[in-house]
Amino acid sequence: MQRDDLKTLLEGILAEMGAPEHAVHLERPRDPAHGDLATNVAMTLASRLRRPPRAIAEELRDRIPAGHPGIRAVEIAGPGFLNFRLTSGAIAETIVRILREGEVFGRGPGEGRKVNIEFVSANPTGLLHLGHGRQAALGDAIASLLEWTGWDVHREFYYNDAGRQIERLAESVRARYEQHFGREVELPEDGYHGSTVREIAEAFADVEGDRWLDDESGHGLEVMREFAVDRLRAEQDRDLNAFGVRFNLYFLESSLYEDGRVDRTVEALRASGNVYEKDGATWFASSRFGDQKDRVMIKSDGSATYFLPDVAYHITKWERGFEDAINVQGADHHGTVARVRAGLQALGLPEGYPEYVLHQMVTVERDGQEVKFSKRAGDYTTLRDLIEEVGTDVTRYFFLMRKPEAHLVFDLDQALDQSDTNPVYKVKYAHARMCSILRKAAADDAEFLTVDPQGLALERLDHPAERELIQQLGSFPDVVARAAEARAPHLICEVLEQTAGQVNAWYHAGNPSRDPELAVLHPDPELRSARLALTRAVRTVLANGLGLLGLEAPERMVRA
RNA sequence: GUCCCCGUAGCUCAGUCGGAUAGAGCGACCGCCUCCUAAGCGGUAGGUCGCAGGUUCGAAUCCUGCCGGGGACACCA
């Protein structure tokens, strides 16, 4: 008897009662006194059947066959809730399922539809900052969630390697380069002042010497631009690798100009009849498609605004077969959403394409005070700084544990703490602890680790802590499905923390100094085997959840 | 001014389809202790869910208005 079985049973009975196709929601009540599963159907059905909720509940209860396997009791409570108490055996079936499915427990079927997830997409004009880090963690986790729920996921990084910003970068490098050789030149007005540009200029000087000081060929700026972009891309890749994020494709904005896609987009937009000239510029009538106002697409100096390559880029996504596309971006890009969608809609793509996950900013606090620590004087805090400070897994987890649309306060004190008060360690400890018990058990009898759970006396796991823990484990696939649907990795953090908390409480309750009867390694072989099966199930769920978020599930903790 | 997001315990936050007495972690307070190796364990206190209306059997959740915080509103990217 699993939840789905009960749901089917209830739906059948409802059909007999004159309410076919009525959605039955079964959930695990917060309060254990309300049973193992509960439903509010009697209340949601009250108006449809024109009967009081409690009367419906009573009929429903009476129609459930007495002694139905797995059901121990059915109770009516409150305004008309139906509370089900299941037998220990029914609950323990979850363990069998978890151990049979192993590392795929939590994965859903899905039809393998293609989805493109674009994230990070930093300009190659500096090192990755904390916002990029949050985006890297979020994008990667959302990608994994969709993979877990059966999507064919493609991770993509879009490089804005064309345009004015890159020119500013090149000009800044040239200024630093000339300064390096003692010339009195100023950085451009809107140039980059950080130390990164100086390092690039010095590296360039090391490689090329002073031969571009008096640039007779006129190619100097271009050479510097390429050098700087290559260099920064390499630096960013280094950080992304360290962060454990891999992309299927790095898409270069410059390629959109090279292969004529930007020009073709202009033509297509003109052909759509939504383009007009005004004040010497070319405008796109995005307000016709829900944008707040029309936007310039070609400036009066003849150059394109960012809008054009952005639309051209998304057209390529569509043409590459991605009917679903998700862009993970900082909330400061909010303003571009409507106009890009408008452009795409004018070209025949569906309304609302692509989907956006916009996340809020990250601030770092220590001692309740915001800190801007940077190992590079005068620069912002980089992702690299943070990873070096607290480690990859902690950084990833902290970036994921809040919902994207909420501002994220990164608490350095908590991040640096290696005790259970740090949620990352709490979950890892719980996993390592299960591994530790299993090692110990295997030393006595290795068979415990592989025995088929089907034949075990799992119904003996009837302590409240065990029943609740098992049901918590059983909810994991639902949480994964819901988190994927809502693009909300923080729900996985939530369920992992809850599970780890229950696991630790269960484990500690069996401490010899407290209640040896609850010890996993109980002298009674039947009970011990059942608890070891639960231990394996816990390890499986924690490992799957950690893996889904891109974190290590350590078999033993090593003091850092 | 217009648009988007946020406002829940001292702090950081869950609470997505409206449901039972609004939850967790940290911190605080009170106990215990060295334990199936785990940088501890158990318990207690702590709330006008920003405010005011509305919808309904029922609202933290949905609707409207207001207040407060953040962000976006270029021929920038």
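Letters A, B, ... mirror the listed sequences (proteins, then strands); counts begin at 1.
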Stepwise side chain to side chain donor-acceptor pair (under 3.5 Å) test for A/Glu370 and A/Thr363: CA-CA 7 Å; A/Glu370 181 170 353; A/Thr363 51; 5.2 Å; no

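Checked by distance alone, A/Asp332 brings no side-chain donor or acceptor within 3.5 Å of a matching partner on the base of B/G71. The base of B/U16 does not come close enough to the side chain of A/Arg487 for any donor and acceptor atom to sit less than 3.5 Å apart. The base of B/A39 is not paired with the side chain of A/Tyr425 by any donor and acceptor separated by under 3.5 Å. For A/Asn83 against B/A20, a side-chain N or O and a base N or O form a donor-acceptor pair under 3.5 Å.
Applying the Watson-Crick and G-U wobble criteria (two distances, each under 3.5 Å), B/U37 pairs with nothing in any strand. The pairing partner recorded for B/U2 is B/A72, the criterion being a Watson-Crick or G-U wobble arrangement whose two distances lie under 3.5 angstrom. Nucleotide B/C26: paired with B/G10 (Watson-Crick or G-U wobble, both distances less than 3.5 Å). Base pairing annotation: B/U16 forms no Watson-Crick or G-U wobble pair, as no partner gives both donor-acceptor distances under 3.5 Å. Nucleotide B/C62: paired with B/G54 (Watson-Crick or G-U wobble, both distances less than 3.5 Å). Taking a pair to require two hydrogen-bonding distances under 3.5 Å in either a Watson-Crick or a G-U wobble arrangement, B/U21 remains unpaired.
Under the stacking criterion of a centre-to-centre distance below 5.5 angstrom and an interplanar angle below 30°, A/Phe81 is not stacked against the six-membered ring of B/G19. An aromatic stacking contact between A/His490 and the base of B/A14 is absent, as defined here by ring centres under 5.5 Å apart and ring planes under 30° from parallel.
A sub-4.0 Å separation between OP1 or OP2 of B/G15 and a side-chain N or O of A/Lys403 is present. For B/A38, the OP1/OP2 oxygens have a side-chain nitrogen or oxygen of A/Tyr507 closer than 4.0 Å. Residue A/His334 places no side-chain N or O under 4.0 Å from the OP1 or OP2 atom of B/G71. Taking only side-chain nitrogens and oxygens, A/Ser436 comes nearer than 4.0 Å to OP1 or OP2 of B/U37.
Relative ring orientation between A/Phe410 and A/Phe398 is described as tilted, the plane-to-plane angle lying within the 30° to 60° band. The aromatic rings of A/Tyr425 and A/Tyr429 are tilted relative to each other, their planes meeting at an angle between 30° and 60°. Between A/Tyr158 and A/Tyr313, the two ring planes are parallel [angle under 30°; tilted spans 30° to 60°].
Between the NZ atom of A/Lys440 and the C1' atom of B/C35 there is a distance of 12 Å, rounded to whole Å. For the pair A/His333 NE2 and B/G70 P, the interatomic distance rounds to 21 Å; values are reported in whole Å. As a whole-Å value, the separation of A/Glu277 CD from B/C75 P is 15 Å. The CZ-C1' distance, from A/Arg402 to B/C6, rounds to 14 Å in whole Å. Here B/G27 presents its P atom at 12 Å from CG of A/Asn422, a figure rounded to the nearest Å. Between the NE2 atom of A/His25 and the P atom of B/C17 there is a distance of 10 Å, given to the nearest Å. If you measure from atom CD of A/Glu405 to atom P of B/G69, you get 21 Å, rounded to the nearest angstrom.
The stretch residues 286-294 of chain A comes close to RNA chain B through A/Gln292, A/Lys293, each having a heavy atom under 4.0 Å from the strand.
Other residues, nucleotides and ligands place more than 12 heavy atoms under 6.0 Å from the CD atom of A/Glu167.
Without hydrogens or angle criteria, A/Thr265 side chain to A/Arg261 main chain gives a donor-acceptor distance under 3.5 Å. Panel note: side chain A/Asn83, backbone A/Gly35; no donor-acceptor pair is recorded below 3.5 Å.
Comparing B/C36, B/U16, B/C75 by their closest approach to the side chain of A/Ser300 singles out B/C75.
Base contact: A/Ala281 has a heavy atom under 4.0 Å from a base atom.
Legend: residues meeting side-chain hydrogen bond (donor to acceptor under 3.5 Å, both in side chains) with A/Glu552, ordered by chain and number and at least two apart, are absent.
In B/C17 the O4'-C1'-N dihedral to the base is within 90° of 0, which defines a syn nucleotide.
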